[in-house]
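Hydrogens, waters and symmetry mates play no part in the numbers below; they use all other heavy atoms, side chains included. Residue numbers begin at 1 in each chain, while the letters A, B, ... track the order of the sequences.
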2 protein chains.
Amino acid sequence: MLVCQESLFTEAPPATGGIIVPSKNSKEPRETLNRERVLRAAVSLADECGIDSVTMRELGRRLEVKAASLYNHIASRDDLLGGMVDLALSEIAVPTEGVFWKETMRRRAISAREVFARHRWAAGLIDSRDRTGPDSLAYVDRVLGVLIQAGFSPAAAANAFLVLDSYLYGFERQRPDVSIEDGFERSEAARKILAAIPHGGYQNAARVAMEYAEHPFDQEAAFEFGLGLILDGLERQLGADSTRR
Amino acid sequence: MLVCQESLFTEAPPATGGIIVPSKNSKEPRETLNRERVLRAAVSLADECGIDSVTMRELGRRLEVKAASLYNHIASRDDLLGGMVDLALSEIAVPTEGVFWKETMRRRAISAREVFARHRWAAGLIDSRDRTGPDSLAYVDRVLGVLIQAGFSPAAAANAFLVLDSYLYGFERQRPDVSIEDGFERSEAARKILAAIPHGGYQNAARVAMEYAEHPFDQEAAFEFGLGLILDGLERQLGADSTRR
DNA sequence: GAGAATGTACTAACAGTGTTAGTATGTCAA
DNA sequence: TTGACATACTAACACTGTTAGTACATTCTC
């Protein structure tokens with residue numbers, strides 16, 4: 001909705017001016033800020049303008065507050081980013097018990113991918129941020145529950161969880177920015193590869209490039225292919241473990 | 001070798017002083033800088049002190065040069081980071097042809113993991129950075145060659161490559177900082193989980209925590225478990241495709 | 001109600017960041 | 001010797017996160 005380019009005012013328009021913001025008089029004191037409002041504003045700012053534009057001053061500008069005031073609600077910028085990640089991750093659909101575990105985990109992964117599509121900055125912020133908040137822990141607990149109930153040992157469940165999320169986050173980080181319309185063949189990499197063919201270079205990459213020129217790269221299919229690979233492998237391991245027992 | 005804490009001098013000691021740096025006289029003009037020296041210095045600085053301490057001024061201090069001078073050799077800080085990633089990735093062992101593809105890919109992954117252990121900042125910098133330099137392209141071409149020669153179609157080879165690297169980078173990003181000595185049971189997450197048990201919370205996470213208390217988490221084993229899962233899946237897909245044909 | 005305590009937002013400033021313009025200096029080629 | 005070029009320098013810019021101190025309004029306590 002809101003445009004991104006630097007605002008016309010480097011500072012917020014003077015509150016007493018009354019020209020731009022006519023409805024604001026002293027009778028209507030502005031609603032007070034809180035942590036959640038700050039986090040939500042930061043998320044939507046990042047969604048619209050990228051994570052780099054989430055600066056204290058810009059965020060303050062959006063909330064019609066000076067940057068320093070934000071520190072009444074967050075401890076630091078790092079705290080802010082952590083809260084944003086938490087907020088984004090909380091949008092990932094919760095696995096429902098009672099469904100076959102494989103389907104549950106697949107849906108969770110696809111839901112996560114949708115979340116990362118909405119919040120393209122999120123995957124890049126997930127690292128060793130501790131994620132020990134009650135919401136995160138509850139979420140982890142529920143996922144582990146699905147796996148344990150399916151027959152995985154606690155350690156195997158944790159392993160499966162780790163492997164799945166590694167793939168999930170890793171795929172997201174590599175997500176190429178090219179849309180299908182743009183197509184690989186118009187990317188710079190393709191240009192360089194194709195330019196090198198006459199000199200005998202990059203023959204294998206060239207074959208891939210030509211393949212993609214005919215059938216454009218389907219990101220979704222590629223993701224689900226790898227996901228299926230891992231889920232099948234986990235299922236096989238589960239079967240092997242349970243028959244051995 | 002070199003310590004990290006802020007240097008004793010906020011500025012480099014005056015070059016003309018001759019007290020700290022006695023051997024430097026005008027007869028011995030310092031060796032001139034170049035892009036590679038800058039990149040290597042940045043890598044070792046990041047290795048020793050973390051990526052956050054790779055600032056233009058600190059890097060200049062290490063090279064006994066003012067920050068602005070670095071711009072004679074790199075275009076921007078982003079260019080610097082890109083070059084550092086390139087340098088790190090070039091340390092990943094090149095797959096050798098003639099060996100069974102699965103073993104080749106496994107070795108490549110493990111080599112990459114060693115590289116990421118040496119350069120802990122590297123995995124975090126790999127994103128949609130373009131990687132279209134000649135070295136990167138040659139590397140990609142070689143990996144694709146191994147897969148295509150093994151019987152994968154060009155598209156399937158690219159898919160396999162993407163899936164494997166997603167897992168690789170993703171696992172690295174999630175790599176917990178706890179060493180085995182520290183152990184999971186002493187981590188903050190474990191503390192919170194165990195504290196919640198009496199109230200009936202996080203039961204599944206608790207079972208995992210107790211499991212890890214007995215048998216500490218083996219990161220290497222977990223990584224290779226997932227890697228094996230993916231490689232087995234790829235092999236199965238390869239077999240199915242070739243028999244169908 | 002009076003006074004104290006609390007919470008919020010403000011101004012001003014600090015030290016640090018990446019980056020650019022303009023200037024000196026030294027090294028090679030013509 | 002002269003000119004061109006590359007390099008490193010100083011100085012400055014606009015920006016960053018963050019803190020200290022202050023003003024004001026609300027809420028709690030007596």
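A 4.5 Å side-chain heavy-atom check between B:Leu227 and B:Leu164 finds at least one atom pair inside the cut-off. A 4.5 Å side-chain heavy-atom check between A:Glu172 and A:Phe223 finds every atom pair outside the cut-off. Taking the side chain as every heavy atom from C-beta outward, A:Leu80 and A:Leu59 approach each other to under 4.5 Å.
Dashed line: the shortest gap from a side-chain N or O of A:His73 to OP1 or OP2 of C:dG7 is not under 4.0 Å. Regarding contacts with the backbone of C:dC10, a side-chain N or O of A:Ser69 is found under 4.0 angstrom from either OP1 or OP2.
Residues B:Ser53 and B:Glu58 have side chains that never bring a donor and an acceptor to within less than 3.5 angstrom of each other.
Rounded to an integer number of Å, the gap from CG of A:Leu33 to P of D:dA25 is 18 Å. Rounded to an integer number of Å, the gap from NZ of B:Lys66 to P of D:dT10 is 5 Å. Taking atom CG of residue A:Leu70 and atom P of nucleotide C:dA9, one finds them 9 Å apart after rounding to whole Å. The CG-P distance, from B:Leu59 to C:dG16, rounds to 17 Å in whole Å. In this structure, A:Arg35 places its CZ atom 17 Å from C1' of C:dT8, rounding to the nearest Å.
Of the possible polar contacts, one joining the B:Arg77 side chain to the B:Val54 backbone as a donor-acceptor pair under 3.5 Å is found.
Between the base of D:dA6 and the side chain of B:Asn72 there is no donor-acceptor pair shorter than 3.5 Å.
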Inset, instruction - Report, as a single string ordered 5' to 3', how protein heavy atoms within less than 4.0 Å touch nucleotides 16-21 of chain D: B base, S sugar-phosphate only, - not at all. - result: BBBB--
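Remark: A:Ile92 engages A:Leu89, A:Arg108, A:Ser111, A:Ala112, A:Val115, A:Tyr139 in a side-chain contact (heavy atoms from CB on, under 4.5 Å) (not counting sequence neighbours).
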